[in-house]
Structure formats: C-alpha cells, structure tokens
Amino acid sequence: MADDSIAVVDLDRCQPDRCSYECANYCPPNRTGKECITQRGEDAEEGGPDQIRISEEICLGETCGICVEKCPFDAIEIINLPQELQDEPVHRYGENAFSLYGLPIPIEGQVTGILGPNGIGKSTAVNILAGELTPNLGQHEEPPGWDAVLDAYRGTELQDYIREVRDGEVSVARKPQYVDQIPKQFDGNTRQLLEHTDERGALDDLVERLSISPVMDQAIDELSGGELQRVAIAACLARDADFYFLDEITPYLDIGQRVTVARIVRELAEEGDRSMLVVEHDLAILDLLCDNLHVAYGEPGAYGVITSPKSVRNGINEYLAGYLDNENMRIRPEAIGFEQHAPRTVSRSDPLIEYPEMEKSYGEDAFSLSVDGGTIREEEVLGIVGPNGIGKSTFAKLVAGKLEPDDGEFETDLEVAYKPQYIEIDQPMRVDVFLSSITDDFGSSHWNTEIANPLQLSRIMEQNLNDLSGGERQRVAIAACLSKDADLFLLDEPSAHLDVEQRVLATRAIRRYAETQDATVMVVDHDIYMMDLLADRLLVFEGEPAHHGHASQPQGMRDGMNEFLANLDITFRRDERTGRPRINKPGSQLDRQQKKQGEYYYA
Ligand code: ADP
Ligand code: ADP
Ligand code: SF4
C-alpha cells in the first residue's frame, strides 16, 4: 500500500463470531489470493473468536476501504496519513493499533498546554514523559528501549528531559481527568486524602485558596463534583515534583474557581524549575493559563499528532480557524467563529412561562434565594450564569413546580426534562437500549438528524453505559434529556468533559433543537465561549454562595454579560485577528478602560 497509510483494527469491536469475516471475503487482495486480511491466531488458541490483522504492506489504502464498509461493527479504519508525517511514530501500541506522532515539550518554569480532541494520544504522550511508558518508536515487535529513544531525540529540545526520564530522575505529579472515579478508589475523608500529599508545605494555602476548608472532614464519596475537582487539584499541586500534569482543570468549577486554579498553577510554575503540562478544553482558561501550546490533531482512536509548540494566541486561533499554519494542515473543514457584537435582544416568540417575584429559603440560617419576576420564551436558549451554590438549581425546581416558593403563590405544571451536572448512569445497559426506553422516536430519521448525528452517537450505540468515557457519557445524557417529551429542557453543565469540537457540535444540536421543536432550553454552563455560541439571553445569579442568592430578570446578552462579569471583576478584549474574546490582565489599561465604560464583554 501507499507508504503513508495505516490500518487500525479496534479489537474491542472486532467480533468474528458474529460476522463470518465479511472484511476478508471482500478484500480485493484477499480475493486474488494474497494474505492482506488474515486471522491473528492468538485468540483462537485460547478458544476465543479469532480476530483479524491487516497487512499494511499489502492493503490498497483508503481509496479502497471496502473492509471499512463491510464491517458491521465499525471496527476497521484505513487512513492515509498526512504526507508531512514521514517519520516513524513515537509509539505504536501494536499491530493495527493506535500510533502517536510527536511529543509535547515540558519547559521548566512554564505552563505548556495541549489543545485537541479526546482519544488523540494526550495521555499516551504524558505516560511517556512521566517514564511510565517506554516508547517503541513504532517498532512494537522489538521495542528498542530508552537508549534508542534518547538517540532519536539527540539534538532536540527534548534530549535533556528524556535523559532524565531514562535515568529515573524526573518526579511526576498528576491530576486525573475523571475526578468522578476518585471515590471508587479512595475510602476516607478529604483530610485523609490530602495529608499524604503535602510535600511542599503548601497544603494549608491551597486548601484556603481553593475553599476546601468546609469539606475537610467530609467523606470523599459525599463531595460534589466541584469539590472533588478542587480536592484533586490540591492533591496534585501539593506534591513536590519536577513535572506536573493536569488533565482538565475546569469540569464542575465555576468561572471564579477556574480563574483561581489558573493563577495557582501559573504561580507554581513561575516559582522556579517546575514544568507544568495542562490539557484543557475551556479556551478562555487555556488562554489565561499557558505560556505556550501544542495542538493535537489526527483521527481519534487511530493516530494522533502533537505539533511543535506555538504561542498560545496563535495556537488557539489556528485551532479555531481549522488550519495549522506551520504544519500547512487543515484539521477541520470550517472555522469556529464568535459574535463580535451582542446578538439582537428582541425575541418575537411567545412566552412559555411568566413567573412572579419569588423567595425561597431552606430554613432559618440556611440558604435563601430571591428571584425577580420574569418571562421565559418559547424557542429560546436561556443561558444561566453565576457561581456554584448560588441557587441555580433551586430556581430550576421552582420553575418546574418541584419546589414551592415561601409564600406559595406560584403554581405550574410544566413538564421539565433535566440533565444533572454530575451524571450517574452506571448501569450495565447498552446505549441503544437505554435511549430507546426514553423515546419512541429512537432510530427514526428525524431523531437521527436532530439528536444522534450531531451528538456523534452512532459509534457508541452498542456499548454499555458503564464502559463509556466521560465525554461519551455526557453526550448520551444530553441526548436522553432532549429526547424526553417536555416543555422545558434544563441542561446543567453540558460542556463537562467534552472536547472543543464536541462542545461546538453539542451547541449546534441544542440550538437547532430549540428552533425546530419550538422547545425552550435553559443551560447552566461556566464555559464562556460555549455560552457565547449558545445563548439568546442570560439569567444572571449573584450573591454569596451557600448563604443567599439573587436572580435578576432574563436579559439580552450584552447586559447579561456585563452584569455577570462585573460581579467577577473580569473583562474580555477581542483578539485583533479573529475577534475571539480573551480575558484581560487585571489592572491593564484595557481592563481599566472597559470597566469605566461598563463594557465587560462586547467591547
Ligand atoms: P487522549 O488522552 O488524547 O484521550 P489516549 O492517549 O488515552 O488519548 O489514547 C489514545 C488512543 O490510544 C485511544 O484510542 C486508546 O484506545 C489507545 N490506547 C490507549 N492505551 C492503549 C493500550 N494500552 N493498548 C492499545 N491501545 C491503547
Ligand atoms: P447551584 O445550582 O447554583 O449550585 P443550588 O440551588 O443547588 O445552587 O444550591 C444553593 C444552596 O442551597 C447550596 O448551598 C445548597 O447546599 C443549598 N441547598 C440546596 N438544596 C437544599 C436543601 N434541600 N436543603 C438545604 N439546603 C439546600
Ligand atoms: Fe483489503 Fe481494501 Fe480493506 Fe485494504 S482497505 S484491507 S485492500 S479491503
């Protein structure tokens, strides 16, 4: 085959006992007697179904692709690699398995970011840099070992770092991507989890700045997602390491908390000779956090490429534009753009619900919420913003009629479909079975167009819910919510664990759904770029979390962003080239000027 093609077989999907080797029966080289698609032989010895292997030498490449079409389980990918990838991969997991090209470069005293989709090899790269995985330079049959790796990187910026890894001299601290898993691995309270991590004598400061004190004596399995995230970040940053790797810092945190974490990570890097590597999909935070950025691209599950470092501004701009300048590479057919001016504020649609001024308190000295009366309209996406613990869910329950206001003067029988922030669908049930139990529309062309396709569900339909990754689980939960028969759809943090591409696709799905189904959607989210792309109007919450909250009337995007960001004391400027919003340095000239003008976002 063309030298630059690879064949990838997903062994979790290949089930020869259910397909009678359709791929091999139709493969043109096989039909002329060549051994292109063959049986591995390994599994049959153990009495299992014998999965396939594909000879990359014989295979005709992507232009043939017959086996890809024939496989009923989507197990095969045949991919022409970009011509630029002439080198051998850094690592290939095995024959017809995922391969990784390029490595990020940790730099002492700096925060390095990686921006790219899930499944593209970011964790593989980090496992290599942490010394936990010895890269095989693509030679999976006879891995050449660290000395050969060092030879391969001689004369590059990674040489010294790789030598230290080989010699076991690099100490690593990691924050895992899915904090939801921590309670399954640790049985105890926050204090017990954190006390072993305090290698720098910095724990008290971290606990204070990340507001962990109130939950120090709480059991880990009773913490909320946002609390777990902050505890996990503190546990990682309290260590005394050369290399810190943080896999997503923003899920379940509000903007104020995101900005605080970004500042703490930056300070730790600037203190001295530590290198920080961060994977993050909230672009406003990534921008604020990093000194330089690697973009990752490729074909999730098949191959991934990590580019040379770029400036943060160029890296994000090129990523959004879908075109990498230095690499001369298109990574997406179209660009992702932002509204430079606030969208129009007048909506002509009918009211779905008018609610009066309301008060709700959970008891004396407990949390209380006051709500200004307002209107929610049909066909709109109403963005809900404000810190955690400020009463957003309480408000949603009032509107849904699940809670009564203190004076009892509001009744409603709206049918509300709800996607919680923290998704617990840990049943051993297949995705298709789960979704078809929710809607009779399941599988109809209408449902596929509106829900399954934009949320990229087809490849995971046959998987079990408890085998899904965080991003897959999120997409299933959004689909389940939108598939319900309801008047009002409430999505709490749909962006959590989605990569940037998936956030954009989910945004489109939600917006389209509101328009075509005459549906009203309320979305709580802390990713400001996603809110910008998603919301028609904003409902702003302010106050003192866990004590009292106040919701003003739903308002237009400009006024809403101004009120919300004024509470946070954060202004955004526009990138000159792309119009992308960027957080201003506090106290900079633009920051002061915009605050004076009261223009926090659409300046
Ligand atoms: P990311 O961190 O970008 O989500 P990963 O590095 O975790 O990506 O994984 C990249 C790809 O490598 C995935 O498709 C995964 O299935 C595959 N992979 C990861 N570990 C192994 C392994 N031990 N053997 C074979 N394939 C693997
Ligand atoms: P948000 O959705 O903005 O995070 P919530 O409406 O969930 O905020 O909660 C606001 C505050 O009310 C929190 O401090 C929470 O602990 C408290 N709270 C929520 N539900 C109850 C309840 N049933 N009883 C007592 N306090 C509650
Ligand atoms: Fe055979 Fe064509 Fe599949 Fe290659 S792409 S393995 S030649 S069927």
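Values below: every heavy atom of this structure, side chains too, minus hydrogens, waters and symmetry copies. Each ligand, and each atom within it, is numbered from 1 in the order the structure gives. What you see is a predicted model; the values in this text were computed from it and never measured.
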Subset of ligand 3 atoms that lie under 4.0 Å from at least one heavy atom of [X]:
X: C36; value: 1 (Fe), 6 (S)
X: G65; value: 2 (Fe), 5 (S)
X: I37; value: 6 (S)
X: I54; value: 6 (S)
X: P29; value: 7 (S)
X: C67; value: 3 (Fe), 5 (S), 6 (S), 8 (S)

Item to check | Proximal protein residues to ligand 1, non-hydrogen atoms under 4.0 angstrom | outcome: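 Correct list: Y93, F98, N118, G119, I120, G121, K122, S123, T124, G301.
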Looking only at heavy atoms, which two atoms of [X] and [Y] are closest? And how far apart?
X: G560; Y: L538; value: C-CD1, 3.6 Å
X: L253; Y: I249; value: CD1-O, 3.3 Å
X: R53; Y: E95; value: NE-OE1, 2.9 Å
X: Q463; Y: D467; value: NE2-O, 4.5 Å

Checklist entry - Is there an N/O/S atom in C27 that lies less than 2.8 Å from atom 1 (Fe) of ligand 3? => result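 Yes.
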Considering only heavy atoms, does [X] approach ligand 3 within less than 4.0 Å through its side chain, its backbone, both, or neither?
X: A7; value: neither
X: L60; value: both
X: V68; value: neither

Checklist entry - Taking the inter-plane angle between the rings of Y93 and F98 on a 0 to 90° scale, is it parallel (under 30°), tilted (30 to 60°) or perpendicular (over 60°)? => result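 Tilted, since the angle between the ring planes falls between 30° and 60°.
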Next on the checklist: Out of the candidates V279, T307, V500, only one should pair with L115 under the side chain to side chain contact (heavy atoms under 4.5 Å, CB included) rule; please name it.
Outcome noted: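 Considering V279, T307, V500, a side chain to side chain contact (heavy atoms under 4.5 Å, CB included) with L115 is found only for V500.
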Checklist entry - Is it true that the side chains of T394 and Y362 contain a donor and an acceptor less than 3.5 Å apart? => result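 Result is yes, a qualifying pair exists.
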Next on the checklist: Looking only at the aromatic ring of each residue, does the gap between the centers of Y319 and Y297 stay below 6.0 angstrom?
Outcome noted: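 Between Y319 and Y297, which both carry aromatic rings, the centre distance is not below 6.0 Å.
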Item to check | Aromatic centroids of F541 and H550 separated by under 6.0 Å | outcome: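 So the answer is no for these two rings.
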Item to check | Those atoms of ligand 2 less than 4.0 Å from some heavy atom in N388 | outcome: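 Numbered from 1, ligand 2 contributes 4 (O).
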Checklist entry - Looking at K392, which atoms of ligand 2 are within less than 4.0 Å of one of its heavy atoms? => result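 Checking each atom against K392, I get 1 (P), 2 (O), 3 (O), 4 (O), 6 (O), 8 (O).
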Item to check | Under the side-chain hydrogen bond (donor to acceptor under 3.5 Å, both in side chains) test, residues paired with E77 that sit two or more places apart | outcome: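 Counting only residues at least two positions away or on another chain, E77 forms no side-chain hydrogen bond (donor to acceptor under 3.5 Å, both in side chains).
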Checklist entry - Looking only at N/O atoms, are T394 and ligand 2 under 3.5 Å apart anywhere? => result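 For ligand 2, there is an N or O atom that lies under 3.5 Å from one belonging to T394.
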May I ask you to decide whether [X] forms a salt bridge with [Y], counting only side-chain N to carboxylate O separations under 4.0 Å?
X: K310; Y: E327; result: yes
X: R174; Y: E132; result: yes
X: R503; Y: D527; result: yes

Checklist entry - From atom 4 (Fe) of ligand 3 out to just under 2.8 Å, does an N/O/S atom of C59 turn up? => result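 Short answer: yes, at least one N, O or S atom is under the cut-off.
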